[in-house]
Amino acid sequence: RVLIDSLPPERLYGTANLAFLFQEAYLWQHLTVQQNLELIFQIYGKNVDSEHIKAHLDSVGLWDARSHYPYQVSLGIKACTAIARATCFPPQVMPMDEPLASLDSVRRTDMNKIVQKTCKQLCATSIWVTHDVVEAILFADIVVAISPFKTFKVFDTKTLPKVDDSGCLPLSIRNLRDQIIDITSKE
């Protein structure tokens with residue numbers, strides 16, 4: 001059973017302590033990109049902080065898209081909007097089901113860094129579901145590899161070296177990647 005500050009996650013709905021990110025952006029279609037973020041202030045009973053929203057939209061590269069509606073933007077912009085909305089009031093816990101799947105590799109790396117930075121600044125816990133093994137190893141402290149038979153193995157990746165100056169994956173990460181792929185692909 002998962003508890004957050006001794007409470008089950010369902011008790012945190014409607015608080016700024018919990019933010020979900022899914023494969024789909026789940027934006028309000030009748031609201032602009034900026035209004036989707038402003039809505040969070042209203043949900044939490046706060047006055048809309050226009051400066052905070054402007055800075056936040058700018059930090060995730062969405063300021064130019066602020067007046068567009070979801071049907072007017074790409075899947076990548078929708079995904080970035082969902083991430084911006086989830087991190088506008090930085091949560092304590094952020095479960096994520098492949099929220100970056102619709103992003104190109106450059107935007108994906110940028111958004112990964114933003115989510116990580118938010119989690120590290122607040123000592124927030126993020127639970128990522130991903131099929132990208134290297135992404136899991138590089139950005140997680142703990143990786144849980146689940147086989148098709150629902151058996152699992154836990155790997156502590158905190159002490160692994162990440163990408164070196166050349167941009168190449170160290171041998172230890174390549175070996176772990178191969179081990180995780182072996183576990184997750186067993187029939």
Exercise for the section: Please assess Arg107 against Leu100 for the test side-chain contact (heavy atoms from CB on, under 4.5 Å), listing each intermediate value before the final yes or no. Expected result: CA-CA 9 Å; Arg107 185 73 123 177; Leu100 310 177; over 6 Å; no
Handout entry: Candidate pair Arg108 and Glu135, rule salt bridge (charged side-chain N to carboxylate O under 4.0 Å, His left out), full reasoning
Key = CA-CA 10 Å; Arg108 184 181 184 114; Glu135 177 182 74; 2.9 Å; yes
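Side-chain contact between Gln23 and Pro99 is absent, with no heavy atoms from C-beta onward closer than 4.5 Å. Side-chain contact between Thr81 and Lys78 is absent, with no heavy atoms from C-beta onward closer than 4.5 Å. Counting only heavy atoms from C-beta outward, the side chains of Trp128 and Pro95 never approach each other to under 4.5 Å. Inter-residue side-chain proximity for Pro70 and Thr32 is flagged as unmet; no heavy-atom pair is nearer than 4.5 Å. With contacts defined as side-chain heavy-atom distances shorter than 4.5 Å, the pair Ile77/Ser74 qualifies.
One distance of note links CZ of Phe155 with CD1 of Ile137; it measures 8.5 Å at 0.5 Å rounding. Taking CD of Glu98 as the reference point, atom CG of Leu21 lies at 12.5 Å (rounded to 0.5 Å). For the atom pair CG of Leu57 and SG of Cys80, the computed distance is 11.0 Å after rounding to the nearest 0.5 Å. Taking CZ of Arg85 as the reference point, atom CG of Leu31 lies at 9.5 Å (rounded to 0.5 Å). Here CD1 of Ile40 is found 14.0 Å from CG of Asp49. Values are rounded to the nearest 0.5 Å.
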Using a 3.5 Å cut-off and no angle test, enumerate the donor-acceptor pairs between side-chain atoms of residues 58-67 and protein atoms at least two apart in sequence or in another chain.
residue	atom	partner	partner atom	Å
Ser59	OG	His56	O	2.8
Arg66	NH1	Trp63	O	2.7

Side-chain atoms of residues 172-181: list all donor-acceptor pairs with protein atoms under 3.5 Å, sequence neighbours left out, distances to 0.1 Å.
residue	atom	partner	partner atom	Å
Arg174	NH1	Leu169	O	2.5
Asn175	ND2	Leu171	O	3.4

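Residues Val143 and Val129 fall into different hydrophobic clusters, defined by Ile, Leu, Val, Met, Phe, Trp and Tyr side chains chained together at heavy-atom separations under 4.5 Å. Under a hydrophobic-cluster definition in which Ile, Leu, Val, Met, Phe, Trp and Tyr are linked whenever side-chain heavy atoms come within less than 4.5 Å, directly or via other members, Ile83 and Met96 are assigned to the same cluster. The hydrophobic cluster containing Leu138 also contains Leu160, counting ILVMFWY residues as joined when their side-chain heavy atoms lie under 4.5 angstrom apart, directly or transitively. Leu39 and Phe41 fall within a single hydrophobic cluster, where Ile, Leu, Val, Met, Phe, Trp and Tyr are joined by side-chain heavy atoms under 4.5 Å apart, directly or via other members.
Closest approach of Asn36 and Trp28 over heavy atoms only: OD1-N, 2.9 Å. Nearest heavy atoms, Gln35 versus His30: OE1-O, 4.2 Å. Here the closest heavy-atom approach between residue Ala86 and residue Ala19 is recorded as O-CB, 3.6 Å. Taking each heavy atom of Leu103 and Ala79 in turn, the nearest pair found is CD2-CB, 3.8 Å.
By the 30° and 60° cut-offs, the orientation of the rings of Phe20 relative to Phe22 is parallel.
Although no hydrogens or angles enter the test, the distance criterion places no donor-acceptor pair under 3.5 Å between the side chain of Asp141 and the main chain of Thr157. The main-chain N or O of Gln34 is never found under 3.5 Å from a side-chain atom of His68 such that the two would form a donor-acceptor pair.
By the neighbour-count criterion of 12 heavy atoms within 6.0 Å, atom CD of Glu51 is sparsely surrounded, having that number or fewer from other residues, nucleotides or ligands. Around CG of Asn47, the count of heavy atoms belonging to other residues, nucleotides or ligands within 6.0 Å does not exceed 12.
In this structure, Ile142 belongs to a hydrophobic cluster whose other members, linked by side-chain heavy atoms under 4.5 Å apart, are Val144, Ile146, Phe152, Val154.
The closest side-chain donor-acceptor pair between Gln42 and Glu38, if any, does not fall under 3.5 angstrom.
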